[in-house]
Amino acid sequence: MKIAVLKERSSGETRVAVTPETVKKFTALGAVVAVESGAGLTASISDADYAAMGAILGDAATTVAGADIVLAVQGPEPDLLAGVKQGAMLAAGLDPFGQRARIDAYATGVIEALAMEFMPRITRAQSMDILSSQSNLAGYKAVIDAAATYGRAFPMMMTAAGTISAAKAFVMGVGVAGLQAIATARRLGAQVSATDVRSATKEQILSLGAKPIFVEKVAGIEGEGAGGYATEMSPEYQAAQAELVSAHIAKQDIVITTALIPGRAAPRLITDAQIATMKPGSVIFDLAVAQGGNVEGSVQDQIVERHGVKIMGYSNTPAHLAADASALFARNLYNFLSAFWDKEQGRPVLDEEIGNAIRLTKDGAVVHPRLLG
Ligand code: NAD
């Protein structure tokens with residue numbers, strides 16, 4: 001059983017899909033792990049670190065030659081996988097809707113492509129969930145970078161020269177990233193408020209010591225919604241939310257937006273007119289910028305200034321914390337494969353619930369219902 005890991009080639013990608021820790025664990029399962037030379041460098045992992053745990057280092061072609069499983073952060077170009085075994089598994093964040101041509105090419109190449117972002121949000125799959133592990137870090141990093149860009153301090157400080165008041169931070173969208181953003185802003189000493197369309201998040205906001213700011217006139221999403229995810233809201237709800245945001249945002253120094261709707265563009269939560277009411281020097285970090293943006297005027301990987309307010313957001317926030325993001329991503333992949341490892345066959349055998357949820361291609365065809373529609 002050969003597991004291959006290539007250097008990531010997507011622009012701005014700094015993460016790597018295995019770490020020395022997971023190389024050691026895969027080796028203990030009886031697998032041979034081949035890693036392309038230099039694959040870990042951007043995540044502060046040297047070839048020697050991998051070799052010390054038993055990995056075989058080589059160029060891209062020798063790394064994938066005869067591989068049974070390829071692990072990656074983002075889907076590799078199909079040409080790179082020419083040497084793998086017929087029917088080899090590829091487990092990665094495959095961006096199934098954005099990279100459809102690539103998925104078709106995996107099918108043609110008889111690769112079994114497994115989209116880790118389709119992992120069901122069920123208790124037993126929590127440790128395999130790349131969206132959670134990466135969003136958590138992204139929520140933290142958004143606050144840290146917003147704080148670095150902000151020209152003032154976060155905590156209240158009483159000094160001999162006078163008092164500095166605490167920054168006011170507002171988190172919009174309280175999923176995994178939003179919860180970590182609240183916790184991080186609180187730790188830095190900000191006064192934090194937060195909002196979501198799912199009423200279940202109110203209690204979570206309160207438990208982190210932040211203030212919930214919710215639309216009360218129109219009902220939001222009760223319970224956990226569809227798999228815990230939000231849907232697009234009615235025009236009435238959107239109008240009530242716009243009114244609420246307008247009243248609240250003018251008093252905020254830092255705004256972190258994280259709102260996503262699966263399979264759709266991110267909802268627009270902040271307009272240019274609302275930004276114009278904010279104090280000069282305020283900072284907005286748009287974590288949804290790569291999905292179309294929650295904030296009017298946000299541009300990926302740039303700091304845009306509008307009405308004296310800085311709007312920032314990265315196309316790939318976890319890549320700005322490469323070492324930790326790689327460590328957690330690699331553990332998600334290990335937890336996934338090891339949970340299904342069949343000792344007798346010496347390979348993973350997926351069950352129906354998880355296999356059918358994440359398998360995009362098999363035996364030369366695209367098989368996932370969301371791609372066949
Ligand atoms: P997400 O990244 O899809 O969205 C971020 C947040 O934005 C969500 O809380 C969403 O409700 C909110 N949002 C969407 N539209 C909005 C709008 N117009 N205004 C304000 N907020 C808006 O969410 P996520 O972090 O992936 O979490 C989604 C759900 O999945 C949560 O309920 C979370 O607890 C759950 N979850 C479960 C597991 C598991 O059980 N394995 C793992 C991770 C997350």
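Hydrogens, waters and symmetry mates play no part in the numbers below; they use all other heavy atoms, side chains included. Counting convention: from 1, in listed order, for ligands and their atoms alike.
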Next on the checklist: I want to know if ligand 1 touches Val176 in the polar sense, i.e. an N/O pair below 3.5 angstrom.
Outcome noted: yes
Next on the checklist: Between Val289 and Phe170, is there shared hydrophobic-cluster membership here, with clusters defined by ILVMFWY side-chain heavy atoms closer than 4.5 Å?
Outcome noted: no
Next on the checklist: Between Asp286 and Asn294 (side chain of the first, backbone of the second, donor and acceptor by atom type, cut-off under 3.5 Å), is there such a pair?
Outcome noted: yes
Checklist entry - Is any N or O atom of Arg121, backbone or side chain, closer than 3.5 Å to an N or O atom of ligand 1? => result yes
Checklist entry - Does atom CZ of Arg264 have more than 12 heavy-atom neighbours from other groups under 6.0 Å away? => result no
Checklist outcome for this item: Short version for Gln241: what comes under 4.0 Å of ligand 1, heavy atoms counted, is side chain
Item to check | Glu203 atom CD: more than 12 heavy-atom contacts under 6.0 Å | outcome: no
Checklist entry - Counting heavy atoms not belonging to Arg9, are there more than 12 under 6.0 Å from its CZ? => result yes
Next on the checklist: Count I, L, V, M, F, W, Y as connected when their side-chain heavy atoms are under 4.5 Å apart, and connections chain through other members. Are Val18 and Phe329 then in the same cluster?
Outcome noted: yes
Checklist entry - Does Ser132 come within less than 4.0 Å of ligand 1, judged by its heavy atoms? => result yes
Next on the checklist: Please work out, at 4.0 Å between heavy atoms, whether the side chain, the backbone, both, or neither of Ala259 comes within that distance of ligand 1.
Outcome noted: both
Next on the checklist: Using a 6.0 Å cut-off, check whether atom NZ of Lys211 has over 12 heavy atoms from anything other than its own residue.
Outcome noted: no
Checklist entry - Quick one: does Leu269 get within less than 4.0 Å of ligand 1, heavy atoms only? => result yes
Item to check | Proximity to ligand 1 by part of Val174, non-hydrogen separation under 4.0 Å | outcome: backbone
Checklist entry - Would you say ligand 1 has an N or O under 3.5 Å from any N or O of Arg198? => result yes
Next on the checklist: When you compare ligand 1 with Pro120, is there at least one nitrogen or oxygen pair between them that comes in under 3.5 angstrom?
Outcome noted: no
Item to check | Polar atom proximity, Thr195 to ligand 1 (N or O, under 3.5 Å) | outcome: no
Next on the checklist: Would Asp129 count as being in polar contact with ligand 1, using the rule that some N or O on each side must be under 3.5 angstrom apart?
Outcome noted: no
Item to check | Side-chain donor-acceptor contact under 3.5 Å, Asn316 with Glu13 | outcome: yes
